[in-house]
Amino acid sequence: MTDFALTTPSVLLLLPLALLPLVVSAQRPQSYPSIDDLEIDPLSVALDWALRIAGAIAIAALILGIGGLHRLGRTIEKTGEGAHMVLLIDRSSSMDNTFAGRAPEGGEESKSAAARRLLKDFILRRDHDLLGVAAFSTSPMHVLPMTDHKGAVVAAIDAMDRSGLAFTNVGRGLALALDMQEADTSPAARVILLVSDGAAVIDRKVQETLRAAFARRPINLYWLFLRTEGTPGISTVPGPGEEDTPQAMPERHLDKFFKSLGTSYRAFEAENPEAVAEAIAEISKLERSPITYHERIPHDDLKARCFAVALAALLVLLAARLAEVRLVPATEET
Amino acid sequence: MRERLQDARFWALLAALALTCLALALPRVTLTRDVYDVLAVVDITGSMNTRDMALSGQPVSRIDAAKAALERLLADLPCQSRLGLGIFTERRSFLLFNPIEVCENFAPLETAIQELDWRMAWEGDSMVAKGFYHAITIAEDLKADLVFVTDGHEAPPLPGGGTMLPEFEGTPGKVKGILLGVGGRDKVPLPKFDDEGHEVGTYTADEVPQENRTGAPPPDAHLRPGYHPKWAPFGTDPPSGDEHLTSVRSAYLDTLAASVGFGHVDLVDAPDLLGAISEHARTRPVEVAVDIRPIPAALALALLVGLYAVPFFTARLRMPARRSTASAPPLGAAALRP
């Protein structure tokens with residue numbers, strides 16, 4: 001019962017006016033020679049009080065209606081399927097190219113535009129997820145905290161195909177995504193979805209930090225790798241005479257590092273928008289753990305109900321007024 | 001019946017009833033209100049760490065003061081306004097998210113503002129004018145107006161003795177908005193950080209570039225000692241200056257704002273940010289549903305209260321003359337007895 005509220009609480013100062021009918025009657029006072037010989041009968045007393053109370057109710061209901069009585073919007077906990085997910089988005093400038101590795105022309109879609117379209121579609125279909133957004137290029141950037149406001153997440157995804165920056169600091173980006181996951185203490189399933197079109201060497205020191213953080217709690221890691229045609233992929237094995245170092249083949253080694261984390265990890269290598277769509281559908285299928293989510297119940301305007309109560313009380317008063325009978329001829333009209 | 005028609009109380013009650021019916025039946029009225037679409041871009045370069053601002057008596061860094069100002073702006077913006085967020089460092093602005101509605105998304109917006117951090121920066125350079133012009137092109141693309149928050153500390157200094165603004169490629173006046181200067185009026189040393197992000201003292205005069213010697217020399221260069229138009233166009237003295245000291249560069253920000261038709265206010269003057277925005281930014285009219293039902297309800301209330309209060313006063317006034325009045329009320333009810 002504590003969730004009732006007034007838009008203008010100051011109207012409560014007027015509320016004592018509702019006591020007025022209890023003190024004075026609005027029925028017409030009538031002159032009568034003497035009431036000494038009239039017995040006090042219970043029906044009259046009851047009717048008198050009923051009318052007074054009707055007056056009080058009418059005044060109080062009008063005051064509450066004017067003050068904008070409403071029931072507060074609430075959030076209720078429900079159980080559904082979903083996860084707490086951090087989208088970790090690569091904003092390096094190579095994302096501006098198409099899958100074929102050129103600047104988009106004609107009807108072509110750049111990699112980030114394709115990823116953006118499909119990701120938006122994905123999050124809008126995931127009803128109960130809590131989503132956070134982080135970005136990285138040369139440095140990690142906190143974009144949006146964990147939120148269930150899909151509109152905000154869509155706005156952050158919309159920003160992703162805008163002029164990226166040069167480098168890909170994936171290690172620090174992951175550290176930020178892990179921080180965001182750790183700040184949230186609910187028992188829901190954790191997901192980090194890394195969307196990038198390349199990889200980079202992760203500093204040894206950062207590697208150790210990441211390993212420790214992933215060991216602390218289970219986090220499902222997905223890597224959506226938007227591969228440019230003809231560039232080395234995750235599963236490219238170095239040919240004879242080629243160097244097998246993180247510097248020479250960052251994708252292969254980043255994948256190896258992720259596999260060594262001992263966390264649930266899957267990589268999706270997508271060379272075209274269709275493959276991205278498939279990968280996203282797959283992730284959507286995999287992330288179906290039970291989750292408690294909050295559903296907002298909008299605030300309920302009770303003004304109309306206040307006015308209806310006031311109207312009912314007024315009808316009672318009017319009925320009483322119509323039933324009034326003059327006992328003696330009027331000598332003086334009030 | 002006739003008496004009833006002459007009875008003012010009857011009419012008052014009937015009117016109150018009718019007004020209450022009206023309150024129940026009235027639809028919402030749509031009014032037009034002006035809202036804003038704003039992109040806020042915050043300078044997060046090194047100089048923004050200078051602690052020469054104050055928040056409720058405590059010294060805070062410029063970036064914290066800027067965040068507090070943006071949080072206040074977020075709270076002040078009328079509903080259905082949209083706010084986007086970006087950061088500026090090096091020479092370009094970076095959009096974090098497109099403008100979103102401020103009331104519905106208040107919580108994530110507030111946290112996103114609070115999480116702005118200089119550690120997001122990727123270069124030590126701070127080419128304010130370039131970043132500002134870049135932010136304007138982003139805002140133009142988003143059809144939003146711009147609030148660019150900076151201390152105006154160019155590092156390295158602008159060429160030509162700090163007077164040559166880079167070329168603005170857009171159309172001045174197409175995007176409107178304000179430059180919000182952050183920083184104290186007095187010059188203070190710039191704080192210095194190591195690679196790990198720990199503060200390690202302040203910069204000295206020879207650790208920062210004092211003059212930009214690319215491009216054309218300033219017009220007064222020929223007065224410098226050792227000047228030679230070809231071999232020493234900037235003179236022979238090592239550059240000197242106080243670029244290692246920082247304060248809000250109000251005069252520079254004025255020039256910069258004027259170059260693109262923006263307004264300029266400084267946060268130290270505790271400006272009314274929304275007021276400044278409404279003065280310089282474009283508005284977008286939106287229709288809002290306004291509930292006008294309380295108006296007839298208030299009239300009904302006034303009538304009803306009057307109905308009860310009037311006899312209260314008249315009875316008191318008349319008490320000595322008409323004793324019976326005071327004892328009359330129960331009779332009204334008694335008359336109903338069958």
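Computed from a prediction, not measured in an experiment: that's the story for all the values here. Order of the sequence lines sets the chain letters (A, B, ...), proteins ahead of strands, with each chain counted from 1.
Contacts of N169(A) with chain B are absent, with no heavy-atom separation under 4.5 Å from either backbone or side chain. If you measure heavy-atom distances from D291(B) to chain A, the contacts under 4.5 Å come from the side chain alone. With a threshold of 4.5 angstrom between heavy atoms, L176(A) does not approach chain B through any atom at all. The part of L17(A) that comes within reach of chain B is its side chain, from C-beta onward, which places non-hydrogen atoms under 4.5 angstrom from that chain. The parts of E104(B) that come within reach of chain A are both its backbone and its side chain, each placing non-hydrogen atoms under 4.5 angstrom from that chain.
Interface remark: of the candidates I100(B), L96(B), V305(B), L96(B) forms the most heavy-atom pairs closer than 4.5 Å to chain A. When the candidates D301(A), L314(A), L315(A), V133(A) are compared by the number of heavy-atom contacts under 4.5 Å with chain B, L314(A) comes out ahead. For the set A297(B), G84(B), P108(B), A107(B), the entry with the most heavy-atom pairs within less than 4.5 Å of chain A is P108(B). In terms of heavy-atom pairs under 4.5 angstrom with chain A, the leader among L17(B), L14(B), D141(B) is L17(B). Chosen from G65(A), A308(A), G67(A), the residue pairing most often with chain B at heavy-atom distances under 4.5 Å is A308(A). For chain B, the option among G151(A), A152(A), P145(A) with the highest count of heavy-atom pairs below 4.5 Å is P145(A). Annotation: maximal heavy-atom pairing with chain A below 4.5 Å, among P99(B), A12(B), A23(B), occurs at A23(B). When V154(A), V153(A), I63(A), I157(A) are compared by the number of non-hydrogen pairs under 4.5 Å with chain B, I63(A) comes out ahead. Options T111(B), L142(B), L301(B), I295(B) differ in how many heavy-atom pairs under 4.5 Å they form with chain A, and the most are formed by L301(B).
Of all heavy-atom pairs between L144(A) and A112(B), the closest is CD2-CB, 4.4 Å. Between L311(A) and T20(B) the shortest heavy-atom distance is N-CG2, 3.9 Å. Of all non-hydrogen atoms in V143(A) and F97(B), the two that sit nearest each other are O-CE2, 3.6 Å. The two atoms that bring A58(A) and L304(B) nearest to each other are CB-CD2, 3.5 Å, heavy atoms only.
With rounding to the nearest 0.5 angstrom, the CE atom of M160(A) is 12.5 Å from the CG atom of L95(B). A distance of 8.0 Å separates CG of L317(A) from CG of L307(B), quoted to the nearest 0.5 Å. Distance check, rounded to the nearest 0.5 Å: CG of L19(A) to OH of Y308(B) gives 12.5 Å.
Geometrically, R91(A) engages F94(B) in a cation-pi contact, judged by NZ or CZ lying under 6.0 Å from the ring centre and within 45° of the ring axis.
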